[in-house]
Amino acid sequence: MSASEVQRGSSTLEPSHSSGTGNGHSFGPGRSLRQGAKVLPEHARGHNRSLVLQTLFHQGAMSRADLSRETGLTRVTISDLVAELIADGFVVEKGVREASGPGKPAILLDLDRDGHRIVGIDLSESDSFIGAVLTLDGDIVVRREVALPAADDVVATVVELARELVAESHAPVLGIGVGTPGVVDEHGVILTAPHFGWAGFDLEGALQKALNLPVLVANDANAAVLAEYTFGGAGDDVLLVKVGRGVGSGLLAGGQPMSGSRHAAGEIGHVTVGTDGGPLCVCGKVGCLEAWLSVPALTARLSAAAIDSDDDVSSVDVREGILRDAGERLGIALAPVVGVLDLSEIVLAGPPELLDGPLAQATVETLRNRTLAQSYEGVRVRMTEQGQDIVLRGAAVMVLSGQLGVS
């Protein structure tokens, strides 16, 4: 059996649907994102290769002996894997460690963080598509933005944006990650995305064919929670709520992305919150969370209130009331999720001027009022610190995980 066949045979790692230079690992349901221990011999090589890369990714430069201690792998196995990873261009020798005693100084190894680039694309903004070239550490080195095209031109626009970014990468591109609105299956097929008029559309396949590079496509909120996990310090159990032109969420439980039986886990935007009616939603129902909380809905409500207010004091009070009401609706939607999954951390991604402050505070209060107080007193609701880049950086994690088994 060849090495690639061993890698594909892992019981905990799904095969990638991309053809690329990676080891064939796929991010997504079916495995924990981070591998932390040895596995059976017949599954070992692909897993242990990812384990070495994962260790260097998070802990930085270390010697072969350090890697052996950290991973629990033998020095012979480490030596073999490191030689392979250096030949593949993913690991580099960084020179010798400063001598601290007798004996030959150890040679330090690290992930070749400048040896490859990743292209990330965010299709979730209301008036534009954003693309970026990122390092393996998630740093953005090139950014491009294009106006939202007509529905018939979406794929051509994404392809052209990706080609432009690949040309500006100045290093081999490990893969292209795309975060998009809609319900997306594990193969990158858009099951439904009303904003683009897509239903059963194989976006991943179309892009891969056009670009001849590994491509991974996921829902934008699911991409965002990966960014928070890898670059934002979130724990293994976290719910990220992304508020933009719609409202969605991404969930990790036990360090594993949750997608649901119909790939629609996290689609909280069209959950009806409350029994008091409310605004009409684009889906045709009344009182959906999205109709209360989306950026266009909140902005319109706040603008109307500002026009109607007679003085600055009442304007501030009305604004706070609108934001607190939206936060309470969010808490109503999240309380059952927090209770069922025993979550302790909720991350909000979206405009901080809307979400941070009264809205977030009302969400916390509602969660505590609607769950068992003793168990959920410590539930934390916080803003992401990654701002507008969160989907782009999540797209990079998709590629890192899918191609290298690193997250």
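Quick note: residue numbers are just sequence positions, from 1. Note that the coordinates shown come from a computational prediction; the quantities given were computed from them, not determined experimentally.
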Q) Any side-chain heavy atom of Leu53 within less than 4.5 Å of one from Leu85? A) yes

Q) For Phe201, what residues pass the ring pair (Phe, Tyr, Trp, His ring centres under 6.0 Å) criterion, not counting sequence neighbours? A) Trp198

(Q) Would you compute the distance between atom CG of Leu302 and atom CG of Leu354 and round it to the nearest 0.5 angstrom? (A) 6.5 Å

Q.
If you define the side chain from C-beta out and look only at heavy atoms, does anything of Leu67 sit under 4.5 Å from Leu73?
A. no

Q.
Strictly below 4.0 Å, N to O, side chains only: are Asp112 and Lys94 in salt-bridge contact?
A. no

Q) Counting only heavy atoms not in Arg113, do more than 12 sit closer than 6.0 Å to its CZ atom? A) yes

Q) Do you know which two heavy atoms are closest between Ala305 and Val318, and how far apart they sit? A) CB-CG1, 3.4 Å

Q. If you look only at pairs with a residue in residues 167-181, which of them pass as a side-chain hydrogen bond (donor to acceptor under 3.5 Å, both in side chains), with sequence neighbours excluded?
A. Arg144-Glu168

Q: Say whether, by atom type as modelled, one donor and one acceptor occur between the side chain of Thr135 and the main chain of Asp139 under 3.5 angstrom.
A: yes

Q | Non-neighbouring partners of Glu267 that pass side chain to side chain contact (heavy atoms under 4.5 Å, CB included), sequence neighbours left out | A | Val183, Asn219, Ala264

Q.
Any heavy-atom pair between the side chains of Pro194 and Thr192 that's under 4.5 Å?
A. yes

Q: Take Val184 and Leu191, measure what side chain to side chain contact (heavy atoms under 4.5 Å, CB included) needs, and give me the verdict at the end.
A: CA-CA 6 Å; Val184 187; Leu191 302 181; over 6 Å; no

Please output the side-chain donor-acceptor pairs of residues 357-365 that fall under 3.5 Å, not counting sequence neighbours, one pair per line with the distance.
unit_1 : atom_1 : unit_2 : atom_2 : d
Gln361 : NE2    : Glu365 : OE2    : 3.2
Thr363 : OG1    : Gly327 : O      : 3.0
Thr363 : OG1    : Leu359 : O      : 2.9
Glu365 : OE1    : Arg324 : NH2    : 2.6

Q. Going through the checks in order, is the side chain to side chain contact (heavy atoms under 4.5 Å, CB included) test met by Ser68 and Ile78?
A. CA-CA 6 Å; Ser68 179; Ile78 287 293; 4.1 Å; yes

Q.
Has Asp153 got a side-chain atom pairing as donor or acceptor with Thr157's backbone, closer than 3.5 angstrom?
A. no

Q. Could you give all pairs that pass the side-chain hydrogen bond (donor to acceptor under 3.5 Å, both in side chains) test and reach residues 231-243, with sequence neighbours left out?
A. Ser124-Lys242, Asp220-Lys242, Tyr229-Asp236

Q) At their closest point, which heavy atom of Ala395 faces which heavy atom of Gly120, and how far apart are they? A) CB-CA, 3.9 Å

Q | Distance, nearest 0.5 Å, that separates CD1 of Ile322 from CZ of Arg319 | A | 8.5 Å

Q. Does the side chain of Leu216 come within less than 4.5 Å of Glu204's, by heavy atoms?
A. yes

Q. Roughly how far, to the nearest 0.5 Å, is the CD1 atom of Ile118 from the CD1 atom of Ile140?
A. 11.5 Å

Q | Distance-only side-chain donor-acceptor flag, Asp66 / Ser63, under 3.5 Å | A | yes

Q: Flag the pair Leu81 / Arg45 as yes when at least one side-chain heavy-atom distance between them is below 4.5 Å, and no otherwise.
A: yes

(Q) Using the side chain to side chain donor-acceptor pair (under 3.5 Å) criterion, which residues pair with Asp202? Sequence neighbours excluded. (A) none

Q) In terms of side-chain geometry, is the basic nitrogen of Asp88 or Arg49 positioned less than 4.0 Å from the acidic oxygen of its partner? A) yes

Q) What residues, two or more places apart in sequence or in another chain, satisfy side chain to side chain contact (heavy atoms under 4.5 Å, CB included) together with Ala300? A) none

Q | Nearest atoms (heavy-atom pairs only) where Pro214 meets Leu174 | A | CG-O, 3.7 Å

**Q.** Donor-acceptor contact below 3.5 Å, side chain Asn48 vs main chain Leu51
**A.** no

Q.
If I take atom CZ from residue Arg380 and atom CG from residue Leu367, how far apart are they, to the nearest 0.5 angstrom?
A. 14.0 Å

Q) Among all residues two or more places apart in sequence or in another chain, which pass the salt bridge (charged side-chain N to carboxylate O under 4.0 Å, His left out) test with Glu145? A) none

Q. Is the closest side-chain heavy-atom distance between Val92 and Leu109 below 4.5 Å?
A. no

Q: Using side-chain contact (heavy atoms from CB on, under 4.5 Å) as the criterion, point out the one residue from Leu404, Asp110, Thr230 that pairs with Phe57.
A: Thr230

Q: For Arg163, enumerate each residue passing the salt bridge (charged side-chain N to carboxylate O under 4.0 Å, His left out) test, keeping only those at least two apart in sequence or located in another chain.
A: none

Q: Mind listing the closest non-hydrogen atom pair of Pro172 and Gly115 along with its distance?
A: CD-O, 3.3 Å

Q | Test log, rule side chain to side chain contact (heavy atoms under 4.5 Å, CB included), inputs Arg245 and Asp127 | A | CA-CA 9 Å; Arg245 63 181 169 193; Asp127 57 359; over 6 Å; no

**Q.** Closest non-hydrogen atom pair, Ala224 against Val391
**A.** CB-CG2, 4.4 Å

Q. Do you know the tightest heavy-atom contact between Ala396 and Leu134?
A. CB-CD2, 4.1 Å

Can you give each donor-acceptor pair under 3.5 Å made by side-chain atoms of residues 284-295, sequence neighbours left out, with the distance rounded to 0.1 Å?
unit_1 : atom_1 : unit_2 : atom_2 : d
Lys285 : NZ     : His270 : O      : 2.6
Glu290 : OE1    : Val247 : N      : 3.4
Ser294 : OG     : Glu290 : O      : 3.1
Ser294 : OG     : Ala297 : N      : 3.3

Q.
List the residues meeting side chain to side chain donor-acceptor pair (under 3.5 Å) with Asp389, not counting sequence neighbours, and say none if there are none.
A. Arg143

Q: State plainly whether the residues Glu93 and Arg64 are in salt-bridge range, i.e. N to O under 4.0 Å.
A: yes

(Q) Pair Leu330, Val273 - check side chain to side chain contact (heavy atoms under 4.5 Å, CB included), show working. (A) CA-CA 8 Å; Leu330 178 58; Val273 283; over 6 Å; no

**Q.** Member of Ile346, Leu343, Val347 meeting the side-chain contact (heavy atoms from CB on, under 4.5 Å) criterion with Val238
**A.** Val347

Q: Could I get the full list of side chain to side chain contact (heavy atoms under 4.5 Å, CB included) partners for Gln386, not counting sequence neighbours?
A: Ala227, Glu228, Phe231, Thr384, Ile390, Arg393

Q | Gln59 atom CD, over 12 foreign heavy atoms within 6.0 Å | A | yes

Q) Can any side-chain N or O of Ser303 pair as donor or acceptor with the backbone N or O of Thr299 at less than 3.5 Å? A) yes

Q: Would you check if Val241 and Leu334 make a side-chain contact, meaning some heavy-atom pair closer than 4.5 Å?
A: yes

Q.
If I take atom NE2 from residue His263 and atom CG from residue Asp185, how far apart are they, to the nearest 0.5 angstrom?
A. 5.0 Å

Q. Quick one: OG on Ser407 to CG on Leu226, what's the gap to the nearest 0.5 Å?
A. 8.0 Å

**Q.** Sub-4.5 Å side-chain heavy-atom contact between Val243 and Leu298
**A.** no

